[in-house]
Amino acid sequence: MAQNRVLAERMIAGEGWLIELVRLLTANLLLVLCAWIVIPLGWTPVPITGQTFGVLLVAVLFGARRSALVLTLYLLEGAAGLPVFQPFGLPGLARFVGPTAGYLLSYPAAAFLTGWLAERWNLSAPASSSHSRSTAVAWKQNVRLVLALLAGEAVIFTAGCAWIAWGIGHGWKLALLGGLLPFLPAELVKMALVVAAVRGGNRLFGPR
């Protein structure tokens, strides 16, 4: 495995299956904690949660394959009835026929795409020691990071709204009004937090 390919490899440094297990468990715990951040909305059954923040952050920190694996395991945990999803919803497998099913099922694909772009664009690379060069690189990385996050968001909300429109038959108008538009301001905040976390992580965990 290439050294420092993603930020998690500097945050949790080392080789071997035990270190890899620690990385996966850390990502899983991060997802669960983010999912428990919930703001119910009275006009839609889809609440504002920290889940998408967790998905996107895990994708950028851990890369495509790890994050897709973690999100798949996360869904299996929820299907088994473990309390890993946001608490306002049907339990276990029933969650996958509820109004948020499309969002949930999209998570592995969204994480893989965002993680793949993060790896391809080397978004975990620390800035150069040259101030002028480091500023230019940081701006370029920030733009690419936002694009990677937008790609993941597009997968999540396309799947989520498609399920509301077709899966439970509410149509696209209600799907967009109840499953997309109310969440745009919060998603912008979440993306800004991911960018801040990644940039802070790059400064804190420099080249090793």
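Numbers for residues simply follow the sequence, beginning at 1. Small disclaimer: the values here were computed from a predicted structure and weren't measured.
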[atom1] of [X] to [atom2] of [Y]: how many Å apart, nearest 0.5 Å?
| X | Y | atom1 | atom2 | result |
| --- | --- | --- | --- | --- |
| Phe85 | Glu77 | CZ | CD | 8.5 Å |
| Asn202 | Met11 | CG | CE | 10.0 Å |
| Leu149 | Thr52 | CG | OG1 | 10.5 Å |

Which pair of non-hydrogen atoms, one from [X] and one from [Y], has the smallest distance, and what is that distance?
| X | Y | result |
| --- | --- | --- |
| Leu176 | Cys161 | CD2-SG, 4.3 Å |
| Cys34 | Gly54 | SG-CA, 3.8 Å |
| Arg144 | Leu123 | CB-CD2, 3.7 Å |
| Ile19 | Ala13 | CD1-O, 3.8 Å |
| Leu113 | Ala151 | CD2-CB, 3.7 Å |
| Leu57 | Ala197 | CD1-CB, 4.0 Å |

Taking the side chain as every heavy atom from C-beta outward, state whether [X] and [Y] have any atom pair closer than 4.5 Å.
| X | Y | result |
| --- | --- | --- |
| Thr49 | Ile37 | no |
| Thr44 | Leu174 | no |
| Thr100 | Ile164 | no |
| Leu184 | Glu187 | no |
| Pro182 | Trp43 | yes |
| Leu69 | Leu73 | yes |
| Phe112 | Leu71 | no |
| Val194 | Met191 | no |

### Set of residues satisfying side-chain contact (heavy atoms from CB on, under 4.5 Å) with respect to Ala101, sequence neighbours excluded
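In terms of side-chain contact (heavy atoms from CB on, under 4.5 Å), with neighbours along the sequence ignored, Ala101 is linked to Trp163.
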In one Ile/Leu/Val/Met/Phe/Trp/Tyr side-chain cluster, 4.5 Å: [X], [Y]:
| X | Y | answer |
| --- | --- | --- |
| Ile168 | Leu181 | yes |
| Phe183 | Ile39 | yes |
| Val198 | Val189 | yes |
| Tyr103 | Val97 | no |
| Leu188 | Ile48 | yes |

Quick check against the 3.5 Å criterion: does [X] have a side-chain atom that pairs as donor or acceptor with the backbone of [Y]?
| X | Y | value |
| --- | --- | --- |
| Gln141 | Asn122 | yes |
| Ser67 | Ala64 | yes |
| Trp121 | Lys140 | no |
| Thr114 | Ala111 | no |

### Query
For Trp172, does the CH2 atom sit with more than 12 other heavy atoms under 6.0 Å from it, leaving out its own atoms?
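Yes, enclosed.
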### Query
Can Leu30 and Val58 be said to form a side chain to side chain contact (heavy atoms under 4.5 Å, CB included), step by step?
CA-CA 8 Å; Leu30 177 60; Val58 164; 3.8 Å; yes
### Message
Let's go through Leu56 and Lys190 carefully: what are the C-alpha distance in whole Å and the side-chain angles of both, what is the deciding distance for side chain to side chain contact (heavy atoms under 4.5 Å, CB included) to 0.1 Å, and is it a yes or a no?
### Response
CA-CA 9 Å; Leu56 297 175; Lys190 293 175 193 177; 5.8 Å; no
### Residues that Tyr74 engages under side-chain hydrogen bond (donor to acceptor under 3.5 Å, both in side chains), provided they are two or more places apart
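For Tyr74, the residues satisfying side-chain hydrogen bond (donor to acceptor under 3.5 Å, both in side chains) (neighbours in sequence not counted) are Gln51.
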#### Entry: Cationic N near anionic O, under 4.0 Å, Arg66 to Glu20
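Salt bridge: yes.
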### Query
Looking at Val70, Leu31, Leu104, which one forms a side-chain contact (heavy atoms from CB on, under 4.5 Å) with Val55?
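Result for side-chain contact (heavy atoms from CB on, under 4.5 Å) with Val55: Leu31.
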Per-pair distances, 0.1 Å, donor-acceptor, side chain in residues 87-96, under 3.5 Å, sequence neighbours excluded:
from, atom 1, to, atom 2, distance (Å)
Arg95, NE, Leu90, O, 2.6
Arg95, NH1, Gln86, O, 3.0
Arg95, NH2, Gln86, O, 3.1
Arg95, NH2, Leu90, O, 3.2

